[in-house]
2 protein chains.
Amino acid sequence: MLDDRKKRVLQAIVEEYIKTAEPVSSNAIMNLEGLECSSATIRNEMAELEKMGYLEKPHTSAGRVPSAKGYRYYVDELLQTDKITLDEIKYISDKLETKINELEEITQIASSTISEITHYTTVSIGPSSDIQKIENIKFVLLSSRMMMGVILTDTGLVKETIIKFDEDITENQVQTLSYMFNNKLKGEPITKIDKPLEKYLVEEMRYSVNLIKPIIEQMKKVVEEESIHLEGANRLFELPEFNSLEVAKNFVNILDEKELMADMLNTGFAKDINVYIGEENEKEELKDFSIVTFKHRIGNKDLGTIGIIGPKRMDYAKVISVMKYISKKLNNENKDEE
Amino acid sequence: MLDDRKKRVLQAIVEEYIKTAEPVSSNAIMNLEGLECSSATIRNEMAELEKMGYLEKPHTSAGRVPSAKGYRYYVDELLQTDKITLDEIKYISDKLETKINELEEITQIASSTISEITHYTTVSIGPSSDIQKIENIKFVLLSSRMMMGVILTDTGLVKETIIKFDEDITENQVQTLSYMFNNKLKGEPITKIDKPLEKYLVEEMRYSVNLIKPIIEQMKKVVEEESIHLEGANRLFELPEFNSLEVAKNFVNILDEKELMADMLNTGFAKDINVYIGEENEKEELKDFSIVTFKHRIGNKDLGTIGIIGPKRMDYAKVISVMKYISKKLNNENKDEE
DNA sequence: TTTTAGCACTCTTTTTACTTGATTGCTAAT
DNA sequence: ATTAGCAATCAAGTAAAAAGAGTGCTAAAA
């Protein structure tokens, strides 16, 4: 265990480094609250913290930088999650009060708000398809060979897609299809829309394959589609660590690989807010970054997951404070919706 | 006017510079076809071309680089638009033959194909809303206070949106609304969905404002929404000019400002393919880049506009060749759709 | 025993000077 | 009109030197 002064030194170094991105010297943090002693004393503490693995030295004559272990300790033990100003509270409230028509919009609004306040990049993704159940399916005839399929899920999400046929269809057929699909699928998980269902409908129920096949194919596609939303990709370029072109390129590549991100955000979590610091990320490409994931919900209705990507020296306190506030806000505002 | 050898020298320099991104020396282009003379002779021609404003020198002991005027002359007079290989033709054909469900998809497929072949970034945008007419409007009840509105336009586009109400609505009301909106709007430009219409429906036709207002608001929003699609944002980072962080940051900022791009692509064009070289771009932010816009269509059905963003030394010949081929292909393949 | 002042030592960063190499522009010969 | 030859120019690369920041250790003070 760390004694109180060591904790204070570690905290000061992490916070200073988050602010400046420069290795922190003993001079820089002396005389901070709780550290009213000489730089020599602090140097001694720093040397010990380094020996214990919480700090690192880029080279002999530089200051100290937190190690992954150091950040981890900071996040787990030292972090204060009320680092949010009145202005920020006002800003978030305003944003969340915008009139919302689709639940997906909440995720996007939350996502962009977080990006704006923290100045990091955010990625958001809807609730994963395996947990969603079908509440209602509708088909609408649009023109002689085209109809629209709409799925309403129990999480309040609406997924729609256009389906084209190679032959003309009638309003009557559409009605029958609506009725039949509803009957068959209401209450089932959306992943039920799949090949076996197609087979069943064609072979057992004797529906025309020309009709069923395009429907299943297209609906399956839309159901599986992860709609990934990115916010503030340019923000990270303001950070000094992005002065290395190496890192910058790396980052742009990460953003381009959407599956990677979707993967990240869908990994099973113990808690609603999870922090992955540098090397803790499973993916090699992410080891220079930290990621905080935030599964947000109203009541027990899963709305999706938001991921914040920033440098390892991300302002964890700010990020987590904002998330907690949004979470609270969502659940107060919308209590009546439950 | 430039004499033949000057044209040849200018062309050689532009093409060499496009290939290498290094200032071109007199040595590098001598002995190319049509330039069988000494480097001294070429130096004389280069000096003259510089005096006329077609070339520039980064510094005394460097080779020459084309000026904006040089590129412009090259694009207008020297460019050959059949610079497309058999492999590329095959690749494009394959891509365009994918089964397509929505017209919007064509634009995206064309856009990504162009990006893949040229290695530049592309931005695409659907047809501008002022030219589209309403072919059909449908409303579908989703749940007691929620319905979906679907607009089918004459360009084959489908725009849909979710509309929420503060009070319960019945299947009957939805039917009436469907009928009425269709009656009123069929054949009208989609921009007709606007405040005045709301006013008319509420005040003259005596519809409930609680019903009409959310509909108009939401439909107006979805109609005005420009869906911008980006492809290959990371490709530009392979180019040597992106080794300057300055330029890289600038580029990421451009990508983030979607309105800027939409603006660019919607600016009135004389021709279907337009080239804007560096400073010719109206927006300050774009002066280090060149942009080629491509308005593509099937018959006279406007499908949208694709913009290619690349460095000033973009391979104009390749880009324009690909566009012309796609344009031809679209109109042959889909002739029967007309 | 803990804290602190003092100072030599280390290593990066910045500065300066020097060398190399590519390319031009000019002159004079072809 | 073309070309060979060569001095002049300037970026880019290399090496050495100086400056600066921060530590770690020692010995004295609290």
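All values reported here derive from a predicted model rather than from experimental measurement. To find a chain, count down the sequence lines: A is the first, B the second, and so on, and within it residues start at 1.
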Return yes if a side-chain donor-acceptor contact under 3.5 Å exists between [X] and [Y], otherwise no.
X: A:Y91; Y: A:E116; result: yes
X: A:S321; Y: A:T81; result: no
X: B:T121; Y: B:R235; result: no
X: B:E15; Y: B:Y74; result: yes
X: B:S290; Y: B:Y316; result: yes

Output, in order, the C-alpha distance, side-chain angles, deciding distance and verdict of salt bridge (Lys or Arg N to Asp or Glu O under 4.0 Å) for A:K6 and A:D3. CA-CA 5 Å; A:K6 281 207 184 53; A:D3 64 55; 3.2 Å; yes
How many Å lie between [atom1] on [X] and [atom2] on [N], as a whole number?
X: B:E22; N: D:dA11; atom1: CD; atom2: C1'; answer: 12 Å
X: A:E56; N: C:dC11; atom1: CD; atom2: P; answer: 17 Å
X: B:M30; N: D:dA4; atom1: CE; atom2: P; answer: 9 Å
X: A:I42; N: C:dA5; atom1: CD1; atom2: C1'; answer: 15 Å
X: B:R64; N: D:dT9; atom1: CZ; atom2: C1'; answer: 13 Å
X: B:M46; N: C:dG25; atom1: CE; atom2: C1'; answer: 12 Å
X: A:H59; N: D:dG24; atom1: NE2; atom2: C1'; answer: 15 Å
X: A:E48; N: C:dT2; atom1: CD; atom2: P; answer: 10 Å

Does B:M30 reach the side chain of B:T41, with side-chain heavy atoms less than 4.5 Å apart?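 Answer no - side chains too far apart.
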Think B:K57 has a side-chain N or O under 4.0 angstrom from the OP1 or OP2 of D:dT9? no
Does B:T41 have a side-chain nitrogen or oxygen under 4.0 Å from the phosphate oxygens OP1 or OP2 of D:dT3?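 Result: yes.
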Determine whether more than 12 heavy atoms belonging to other residues, nucleotides or ligands lie under 6.0 Å from atom CD of A:E36.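 Result for CD/A:E36: enclosed.
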Name the closest nucleotide to the B:C37 side chain, picking from C:dT24, D:dT3, C:dT3.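 The answer is D:dT3, which lies nearest to the side chain.
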Nearest to the B:S26 side chain among C:dT10, D:dT9, C:dT24, which nucleotide is it? C:dT24
Check the interface with nucleotides 25-30 of chain D: list each N/O to N/O pair with the protein under 3.5 Å, or write none.
none

Tell me whether the NZ or CZ atom of B:K249 lies within the 45° cone about the ring axis of A:F237 and under 6.0 Å from its centre. no
Looking for any heavy atom pair under 4.0 Å, which part of the strands does A:S39 touch: base, sugar-phosphate only, or nothing?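 Nothing, no nucleic acid heavy atom in range.
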Give every pair of a protein N or O atom and an N or O atom of nucleotides 16-21 of chain C that lie under 3.5 Å apart, one pair per line with the distance.
none

